[in-house]
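Some notes on the structure that comes next.
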Amino acid sequence: MRNRKPDEILRRLLDAGFAAYYVGGCVRDTLLGRPVHDWDIATSARPGQVTALFSHCVPTGVQHGTVTVLLGDDRRAEVTSFRRETGYRDGRHPDRVQFVTDLSSDLARRDFTVNAMAMDLDGAITDLFDGRADLARGVIRCVGSPERRFGEDALRMLRAYRFCAQLGFWMDAETGRAIAACAPLCARLSRERVCEETEKTLVSPKPEYVSRMAELGLLCTCGVTHCVDLSRLAALDAAPEVRWTAWKVLQPALDLKAFRLPARLCQQAGRVCATWQPQRDTLSWKRLIAAEGWDAAHLAARVAQSGAVDEIAASGACVTLPQLAVSGRDFPQLSGRAVGDMLQALLQHVLEHPQDNTRETLLKLAK
Ligand code: ATP
Ligand code: MG
């Protein structure tokens, strides 16, 4: 159970004389009563002092001061030294990370008020930017001047909408105005980072925020500047491959490769889109399985919210060449492509007439 609270890590840091707090998303989600998937700890200990205290550490990002500490029981935390960031001349990376001794500078560098709270071992909250009030109001608001914060890291504009979508929150008016003004800065973001925020928004309960992000120009590095209404996606499985494919079906001109998604997903989503039919009967689903294979057909069925492909699989009905009661060896008189054409023709027949899938009948039909 990776999401149980790793209090022992906090306690060991405190016992060694360092300051240590839970910070960021885990504090926000604890206060909201939502499940916590990652525990982040901020500490006055330097990375070397952290690794000296624990026997199982992974140096996840030592230059940024982050060490992953593993407890023997599957619990873990990302432990990051208190730091301040300066520079950001490229609009996405701090020029310099400076380790500091106080919690307050570490909280001030964080993106939104609801993500900028700390919680100690007893559950006491440090809240320097009114994050609790924003949690109660359901508002995403920048820590400090929104223009300045978006100028430092343009990804925060996508994150702002991503958190609105995940939490069902509203955008603070000033933060929203700053996004409209700063949107062109998103042109310098890497596609991978844009993809990550887009995907988290797509699989959220409010995927329509992806359309808002696109229309504002926040997805321009991935070549998307307009987007259809995606609110219908909320009814589908929250699996990334289902949501991406459904978007492609609703907007066929969408180039998923521009999001640096895995080649296999791009290809399957492309096939589902190219063969898409809003309504299918069982025979039509069987033909889709025969033509595109099980994986693409399963994906199409999840996008269509149909159980047909599962039912066909469970029935054991013949829908692919290996399930046919004859094979190439039954046609020694044919050669090359003629064998494949014959088997395909027999399969098409069997899709419609399942009872004919016996060797005897098929050989008769072949003649
Ligand atoms: P989740 O993990 O549920 O998606 P999170 O709030 O934990 O949400 P992370 O991306 O894991 O988000 O980041 C952890 C914390 O680090 C955030 O809560 C925030 O305080 C800070 N943070 C992350 N990315 C940025 C950023 N680009 N600018 C400023 N602070 C950030
Ligand atoms: Mg997190």
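Ligands are counted one by one from 1 in listed order, and the atoms in each one are counted from 1 as well.
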| query | Do the rings of Phe163 and Phe112 sit parallel, tilted or perpendicular, given the 30° and 60° boundaries? | reply | perpendicular
| field | Option set Arg34, Arg110, Glu197, Arg159, criterion heavy-atom distance to atom 23 (C) of ligand 1, minimum | value | Arg159
Please work out whether any backbone atom (N, CA, C, O) or any side-chain heavy atom from C-beta onward of [X] is under 4.0 Å from ligand 1, and answer side chain, backbone, both or neither.
X      : answer
Phe163 : side chain
Arg156 : side chain
Asn115 : both
Arg162 : side chain
Asp40  : side chain

| message | Do Leu362 and Leu343 land in one hydrophobic cluster if side-chain heavy atoms of ILVMFWY residues count as linked below 4.5 Å? | response | yes
| said: Please say yes or no: joined through hydrophobic side-chain contacts below 4.5 Å, possibly via intermediate residues, are Val309 and Val272 part of one cluster? | reply: no
| message | Just verifying a value: how many Å separate Glu196 CD and Leu158 CG, rounded to the nearest 0.5 Å? | response | 11.0 Å
| Rounded to the nearest 0.5 Å, how far does CD of Glu241 lie from CG of Asp295? | 10.5 Å
| said: Is there a polar contact, in the sense of an N or O pair closer than 3.5 Å, between Gly25 and ligand 1? | reply: yes
| query | Is the closest N or O pair between Asp29 and ligand 1 shorter than 3.5 Å? | reply | no
| said: Under the side chain to side chain donor-acceptor pair (under 3.5 Å) test against Thr80, which residue among Thr60, Asp40, Thr66 passes? | reply: Thr66
| request: May I ask whether Arg149 has any heavy atom positioned less than 4.0 angstrom from an atom of ligand 1? | output: no
| said: Within the 4.0 Å heavy-atom shell around Arg28, which atoms of ligand 1 are there? | reply: 3 (O), 5 (P), 6 (O), 8 (O)
